[in-house]
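Notes follow the structure.
Because only heavy atoms are used, hydrogens play no part in the values below, and waters and symmetry mates are left out as well, while side chains stay in. Note that ligands are numbered from 1 as they come in the structure, with each ligand's atoms numbered from 1 the same way.
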Amino acid sequence: MLPVLADTREAEMDKLFIEGGRPLRGSVRISGAKNAALPLMTATLLAPGKHVLRNVPDLRDTRTLLKVMEEFGVTSEWEDDVLYIDSTELKHFEASYDLVRTMRASVLVLGPLVARLGRARVSRPGGCAIGDRPINLHLMGLEQLGATCLQENGYVDVKVDGRLRGNVIHFDIPSVTGTENLLMAATLAAGTTILKNAAREPEIGNLVDMLVGMGAQIEGRDTDELIVHGVEQLSPADCVIIPDRIEAGTYLIAIAATGGQGRVTHCKPEHLPALLNKLRAAGLIIEEGEDSIAISFSEGKGVADLECVDIKTMPYPGYATDLQAQFMTLMSLASGSSVINETIFENRFMHVAELERMNANIKIKGSSAVVTGKGRDGLVGAPVMATDLRASSSLVIAGLAASGITEIRRIYHLERGYEKLIDKLTGLGAKVWKESY
Ligand code: EPZ
């Protein structure tokens, strides 16, 4: 039986406490990827039957998505990290505001529902802390596949008579969930669809493998041009979720920020090219194994000896925007100054003011932040507020590295994307605990 996660309103009051200044040591096992599990779960809507997804992380977001899918008539069952989803009885096609507002990625039901049922009515996700997050590219693509998209009363109502029809779709921006939504829709369309300037994140490769395993015909895996030859029907899947590269990157940075030494296991080093290059450029020793990454300092060196390194977030294989905040914390501990340029989301510096409460020195200039590292002075524990998933993980890393106690509020953001965070950090020697009010 899975542990109960308090609902958001209750979780509002939960706080995470961290007694910092302890180098993290040892190894930590990485869970399945949130951003792969979500699209692969919605892909089960494409084919009636019992699907098997393995290595699924138990997170607030995967649970919320299950609730959304249960509204359509889907049933599901967990057995440890194996999720059985039965999508035989799809009776409804509406995803309500109450659920979608808590998790934007619910928009990923659009493509599969329209392809399978010819109809989908989904609450517009609206903006979030990191940006406006429009879905115009998703809707533009569905219209190019022959659907009509009506927007009224905060809902998007998408309809198609008969099957979707293949077409050439060019993305202005390589949207990750946009690519995933149209890829799934195109698998059951009549004819061939070509997705140009498509996103290439590893999570999309995981989705392609699942769909091909269900009988879809897709060419161009891992490239920015995906070619989908539509088929009449698909069969249930049995697939494995890839490791979470963002979780792996977060723990690598946490180990470095505390002056520690360790190994992240059950991950794919080849999914983190940009981060590993930046960590090496900062002076850290990185050893890549088959499915693990070890990180350490050279003899006699510590956090304050870290070189300052600039980063610019980019679509994959560039530096991941979901690892920007965590790297900013690391650079605020180094010696000298670095520039962090955020090019994906227009409002992804919410963590800056909170890090400054912990004695960091960061100046925002438009879409860049200039970080002047504290070196030997380091960061100081303080009460801070989590604003979004990755910002909250940057505050956890700051708390682990800081002297004294850090108190983080609104930690439900963390539970959305980090499985068993307290257990894993404690396993690395951290002193961290949660208090519910
Ligand atoms: C995915 O979001 C991830 N979420 C995000 O991770 C991640 O930050 C993002 O990709 C970028 O890597 C999931 O996979 C569930 P986008 P997504 O569409 O697909 C603009 C986390 O922390 N855009 O690639 O929503 C958009 O505003 C989350 O785990 C449009 O203009 O991101 C942004 O500026 C946060 N119109 C850019 O494209 C559209 O229709 C990239 O967004 C769609 C996107």
Residue, atom name and distance, where the atom is the protein heavy atom closest to atom 32 (O) of ligand 1: Phe345 CZ, 3.9 Å
Below 4.0 angstrom, N of the basic side chain to O of the carboxylate: do Arg54 and Asp238 qualify? yes
To the nearest 0.5 Å, tell me how far Ile242 CD1 sits from His266 NE2. 15.5 Å
Under the ring-ring contact (aromatic ring centres under 6.0 Å, His included) rule, collect the residues that match up with Tyr319, sequence neighbours excluded. Phe327
Check each atom of ligand 1 against the heavy atoms of Arg348 and keep those under 4.0 Å away; list them by number with element. 8 (O), 22 (O), 35 (C)
With atom 28 (C) of ligand 1 as the reference point, say which of Leu389, Ile344, Asp322 has the nearest heavy atom. Asp322
In the protein, what heavy atom is nearest to atom 22 (O) of ligand 1, and what distance, to one decimal place, separates them? Arg390 NE, 2.8 Å
Does ligand 1 have an atom under 4.0 Å from some heavy atom of Pro134? yes
Enumerate the atoms of ligand 1 whose separation from the nearest heavy atom of Lys34 is less than 4.0 angstrom. 21 (C), 29 (O)
Which is closest to atom 20 (C) of ligand 1 in terms of heavy atoms, Asn136, Asn35, Thr313, Ile173? Ile173
Treating Glu346 as the side-chain partner and Asp132 as the backbone partner, does any N or O pair qualify as donor plus acceptor under 3.5 Å? yes
Test log, rule side chain to side chain contact (heavy atoms under 4.5 Å, CB included), inputs Glu356 and Lys363: CA-CA 10 Å; Glu356 287 206 301; Lys363 295 288 170 284; 3.7 Å; yes
Positive for side-chain contact (heavy atoms from CB on, under 4.5 Å) with His51, one of Ser76, Cys239, Ser235, Pro236: Pro236
Proximal atoms of ligand 1 relative to His138 (non-hydrogen, under 4.0 Å): 40 (O)
Quick one: nearest non-hydrogen protein atom to atom 19 (O) of ligand 1, plus distance? Thr177 OG1, 2.6 Å
Within 4.0 Å of some non-hydrogen atom of Thr321, the atoms of ligand 1 are 8 (O), 11 (C), 12 (O)
Say whether Ser175, considering both its backbone and side-chain N or O atoms, lies within less than 3.5 Å of an N or O atom on ligand 1. yes
Nearest candidate to atom 25 (O) of ligand 1, where distance is taken over non-hydrogen atoms, out of Glu342, Glu346, Arg133: Arg133
Decide, yes or no, whether a salt bridge links Arg409 with Glu407 under the criterion of side-chain N to carboxylate O below 4.0 Å. yes
Protein contact to atom 40 (O) of ligand 1 [nearest heavy atom, distance to 0.1 Å]: Leu137 N, 2.8 Å
Between Leu65, Ile135, Val176, flag the one that comes closest to atom 24 (O) of ligand 1 by a heavy atom. Val176
Thinking salt bridges, do Asp61 and Arg104 make one under a 4.0 Å N-O criterion? no
Arg280 and Glu288 ion-paired at < 4.0 Å: yes
